[in-house]
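Okay, so here's the structure we're looking at.
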Number of protein chains: 2
Amino acid sequence: MNGNRLDEAARAAWLYYVAGNTQDQIAAKLGVSRQSAQRMVSLAVAEGLVKFRIDHPIAQCMDLAKQLRDSFGLVRCEVVPSDPDSDSTTLGVAQAAAAEIERWLRMEEPVVIAMGTGRTLKAAIEQLPSIECPRHKVVSLTGNIAPDGSAAYYNVVFTMADTVKSRSFPMPLPVIASSQSERSMLHSQPMIRSTLELASTAAVTFVGIGDLGPQAPLFEDGFISEQDLASLQQAGAVGEIVGWAFDAQGRLIDGITNDRVASAPIPARDTSLVIAIAKGGKKLPGIRAAIKGKLINGLITDETTAQALLNELN
Amino acid sequence: MNGNRLDEAARAAWLYYVAGNTQDQIAAKLGVSRQSAQRMVSLAVAEGLVKFRIDHPIAQCMDLAKQLRDSFGLVRCEVVPSDPDSDSTTLGVAQAAAAEIERWLRMEEPVVIAMGTGRTLKAAIEQLPSIECPRHKVVSLTGNIAPDGSAAYYNVVFTMADTVKSRSFPMPLPVIASSQSERSMLHSQPMIRSTLELASTAAVTFVGIGDLGPQAPLFEDGFISEQDLASLQQAGAVGEIVGWAFDAQGRLIDGITNDRVASAPIPARDTSLVIAIAKGGKKLPGIRAAIKGKLINGLITDETTAQALLNELN
DNA sequence: CTTGCGGATGGGCAAATACTCACGAATGGC
DNA sequence: GCCATTCGTGAGTATTTGCCCATCCGCAAG
């Protein structure tokens with residue numbers, strides 16, 4: 001009589017979800033107690049007889065986000081709808097990232113928030129509303145000095161601190177030092193040191209992911225030379241986070257530029273939530289690698305990219 | 001930002017039905033009050049964003065469906081549970097019809113689908129998810145012009161084509177012409193002719209069945225006059241499909257309104273699957289007649305109606 | 001600047017639903 | 001045939017949900 005029970009359960013579920021009866025009404029109609037009716041309905045749900053379907057683009061995204069979390073062990077994952085007609089690299093993810101940043105800023109207890117750099121993050125910051133958050137600390141993971149000595153345009157800490165009125169800790173450094181010894185020297189300065197230490201205590205970190213293809217932002221913005229880029233590619237680099245280049249397995253690449261990167265290390269994943277904000281085909285290998293190597297444990301991306309990441313899983 | 005509200009509603013509904021959160025949890029996650037969360041969920045349900053589907057052959061209904069198929073030579077038959085307390089004329093059958101329509105739409109090969117009209121079909125269309133089916137053609141069997149010259153409300157092809165992104169072929173005609181000659185003239189127009197031809201090639205046809213009692217929809221919606229209705233009743237008419245009135249034997253009635261009906265003929269049963277979607281006592285004589293006269297060879301109905309059809313068989 | 005309107009919001013409460021527990025019937029092994 | 005285990009049941013209770021209503025907010029007209 002197993003089938004019969006499921007039959008009745010299906011009928012109860014039908015009456016409940018499709019016909020909109022209450023469990024009392026169902027109980028009366030099927031001639032059982034209300035409790036039994038409740039059990040039938042929940043049995044039908046548990047047995048998967050009832051399919052819920054949300055017919056809206058957002059639902060698809062939430063599905064993908066859940067799959068990404070489950071498949072890759074991400075702590076936090078957000079997927080936004082893709083607009084196939086737009087070739088913006090930030091549309092959607094910037095807004096979603098801003099919402100996520102805002103959630104942290106709205107917390108009552110003081111929080112240390114570490115920020116990477118790049119166009120995506122910049123776009124996200126621009127979406128932030130202006131709020132008063134003097135209790136929080138925003139610390140930059142990366143230098144704010146461009147190769148020409150000016151303040152790097154894509155350094156986001158200034159804009160952010162300005163918008164949200166929090167205490168900010170920029171890094172008066174180049175992104176990549178000219179030599180390993182220069183980096184050591186810079187890092188030994190007391191102020192820098194304390195900022196580096198602060199960064200390592202961040203509760204949450206937001207970073208972009210840069211690709212290392214021919215139009216690598218690191219190269220285009222003049223932080224690394226053409227030779228460096230070629231060497232990195234040669235060494236299998238597929239992406240970079242605040243300057244740290246890594247290969248397809250998400251392992252930081254020894255030598256080349258990485259021994260001169262003046263950025264703070266990416267905060268440890270076991271103590272900090274490290275959320276990458278990135279979408280698009282060019283960044284796909286980098287995103288995949290960063291996840292694989294557990295450089296990040298959070299991701300904000302778009303539908304297309306999410307789908308691509310899951311497809312590669314086979 | 002109308003879309004944004006629905007976005008949030010869809011998100012809330014997803015969290016509620018798919019992820020199984022309570023409204024409190026949703027409220028916390030979305031940063032709103034529980035009441036707002038509740039409103040979002042119910043908005044999503046009200047807007048039809050949420051579709052429920054019970055995926056289980058309910059033995060009783062399957063049994064009735066089989067009996068109907070065997071007794072009446074129906075090719076396709078679906079029976080859904082009845083809710084004795086509901087007086088909706090579409091509850092259940094609309095969902096089942098939507099599922100059937102969806103099955104056809106999901107086919108890879110291009111299909112020509114013909115659609116009738118009426119409240120039941122309209123309700124079914126509203127249950128369709130939005131999918132991309134540009135390969136299919138949806139053709140209306142009946143005119144889309146109401147007696148007052150406006151677009152007939154219960155013409156379903158527009159809504160359907162919109163939801164499923166298929167190519168649609170409406171009929172810019174009144175449902176019933178003012179005279180036989182007007183009908184001839186209208187039907188001789190090249191565009192109408194090709195649409196009529198297309199309709200005759202439909203692989204599957206979905207129609208409602210209208211009763212011809214005192215509240216006949218054809219009369220209530222102003223397509224036929226009170227005199228016409230009386231004459232039809234006098235002539236033994238018990239039902240109509242896309243305007244074509246028929247008697248208890250399922251024979252089309254000569255004269256009266258039928259020589260002015262501008263709808264396409266019901267596609268031939270030997271080449272097309274013609275599925276009627278109808279339930280309820282009022283429609284029972286019409287359903288019985290349509291089956292008897294082999295105007296249809298498929299039926300989606302409810303338990304009570306199915307039982308009644310079989311009872312009459314003795 | 002005030003007033004009034006429409007729509008959104010949250011508090012509160014009753015209804016509906018989910019869960020726990022103890023009991024009793026059915027099942028099955030010995 | 002007896003006992004042990006499982007399964008389903010109803011009662012009671014905690015939690016969740018649905019709804020009403022007073023209030024608030026934004027906005028536009030006066």
Side-chain angles (χ1 to χ4, degrees), chain A residues 1-56 58-59 62 95 99 102-103 106-108 127-132, chain B residues 1-56 58-60 81 83-88 91-92:
Chain A
M1 278 309 168
N2 197 351
N4 211 338
R5 269 189 65 236
L6 284 185
D7 279 358
E8 288 303 296
R11 180 178 295 266
W14 188 90
L15 288 167
Y16 188 66
Y17 288 111
V18 182
N21 284 277
T22 70
Q23 296 181 353
D24 271 315
Q25 295 173 294
I26 296 167
K29 281 172 204 182
L30 300 185
V32 297
S33 73
R34 195 186 54 71
Q35 291 87 338
S36 300
Q38 193 275 328
R39 270 180 214 113
M40 285 183 192
V41 174
S42 78
L43 174 69
V45 174
E47 290 288 321
L49 300 181
V50 185
K51 305 274 170 61
F52 303 99
R53 191 147 124 203
I54 316 291
D55 198 11
H56 196 277
I58 222 83
M62 303 203 60
Q95 285 80 356
E102 194 183 333
R103 259 192 285 279
R106 295 222 179 267
M107 293 181 69
E108 278 308 315
Q127 299 294 324
L128 279 178
S130 57
I131 40 177
E132 300 272 334
Chain B
M1 277 311 164
N2 197 351
N4 212 335
R5 270 189 62 236
L6 283 184
D7 279 1
E8 287 302 296
R11 182 180 294 264
W14 190 92
L15 288 167
Y16 189 67
Y17 289 109
V18 182
N21 285 283
T22 69
Q23 297 182 352
D24 270 314
Q25 294 173 296
I26 296 167
K29 281 176 202 183
L30 300 185
V32 297
S33 71
R34 191 192 58 78
Q35 292 83 343
S36 302
Q38 194 273 333
R39 270 181 213 114
M40 285 183 192
V41 173
S42 81
L43 173 70
V45 174
E47 290 287 321
L49 264 41
V50 185
K51 309 273 167 65
F52 305 100
R53 185 152 156 195
I54 313 295
D55 208 2
H56 186 79
I58 300 177
Q60 175 81 0
D83 180 357
D85 295 341
S86 160
D87 51 4
S88 160
L91 180 66

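These numbers come from the heavy atoms of this one structure, side chains and all, not from hydrogens, waters or symmetry mates. Keep in mind it's a predicted model, so treat the numbers as computed, not measured. In what follows, every chain begins at residue 1, and chains take the letters A, B, ... in the order their sequences are listed.
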Check whether any side-chain heavy atom of A:Met62 sits under 4.5 Å from a side-chain heavy atom of B:Leu15, and report yes or no.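 SC-SC contact between A:Met62 and B:Leu15 confirmed.
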Can you check whether B:Val32 reaches B:Met40 side chain to side chain, under 4.5 Å on heavy atoms?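 Yes - at least one pair of side-chain heavy atoms lies under 4.5 Å apart.
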In whole Å, I'd like the distance from the [atom1] atom of [X] to the [atom2] atom of [N].
X	N	atom1	atom2	value
A:Asp24	D:dT17	CG	P	17 Å
A:Tyr17	D:dT17	OH	C1'	13 Å
A:Gln23	D:dT15	CD	P	18 Å
B:Asn21	C:dA18	CG	C1'	16 Å
A:Leu15	C:dT17	CG	P	12 Å
A:Met40	C:dA18	CE	C1'	16 Å

Just verifying a value: how many Å separate [X] [atom1] and [Y] [atom2], rounded to the nearest 0.5 Å?
X	Y	atom1	atom2	value
B:Lys51	A:Lys51	NZ	NZ	15.5 Å
A:Asp24	A:Ser33	CG	OG	10.0 Å
A:Ile54	B:Arg11	CD1	CZ	12.5 Å

The helix from C:dC1-D:dG30 to C:dC30-D:dG1: angle between end helix axes, five pairs per end, rounded to 10 degrees: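 Terminal axis comparison yields 30°.
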If you compare every side-chain N and O of B:Tyr16 against the phosphate oxygens of D:dT17 (OP1, OP2), does one of them come in below 4.0 Å?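 Yes, such a contact exists.
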Check the phosphate of D:dT16 against B:Gln25, side-chain N and O only, distance under 4.0 Å to OP1 or OP2. Yes or no?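 For D:dT16, neither OP1 nor OP2 has a side-chain N or O of B:Gln25 closer than 4.0 Å.
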Let me see the working for B:Phe52 and A:Trp14 under side-chain contact (heavy atoms from CB on, under 4.5 Å), right down to the final yes or no. CA-CA 9 Å; B:Phe52 305 100; A:Trp14 188 90; over 6 Å; no
Tabulate atom names and distances for all N/O pairs under 3.5 angstrom spanning the protein and nucleotides 6-10 of chain C.
residue : atom : partner : partner atom : Å
C:dG10  : OP2  : B:Ser33 : OG           : 2.6
C:dG10  : OP2  : B:Ser36 : OG           : 3.3
C:dG10  : N7   : B:Arg39 : NH2          : 3.1
C:dG10  : O6   : B:Arg39 : NH2          : 2.7

Considering residues at least two apart in sequence or located in another chain, which fulfil the side-chain hydrogen bond (donor to acceptor under 3.5 Å, both in side chains) criterion with A:Gln25?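 Residues passing side-chain hydrogen bond (donor to acceptor under 3.5 Å, both in side chains) with A:Gln25: A:Thr22.
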A:Ala44 to A:Ala9 - nearest heavy-atom pair and separation: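 Looks like CB-O, 3.7 Å.
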Looking at A:Tyr16, is its backbone amide N or carbonyl O close enough to the side chain of A:Asn21 to form a donor-acceptor pair, meaning the two atoms are under 3.5 Å apart?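 No, A:Asn21 side chain to A:Tyr16 backbone: no donor-acceptor pair under 3.5 Å.
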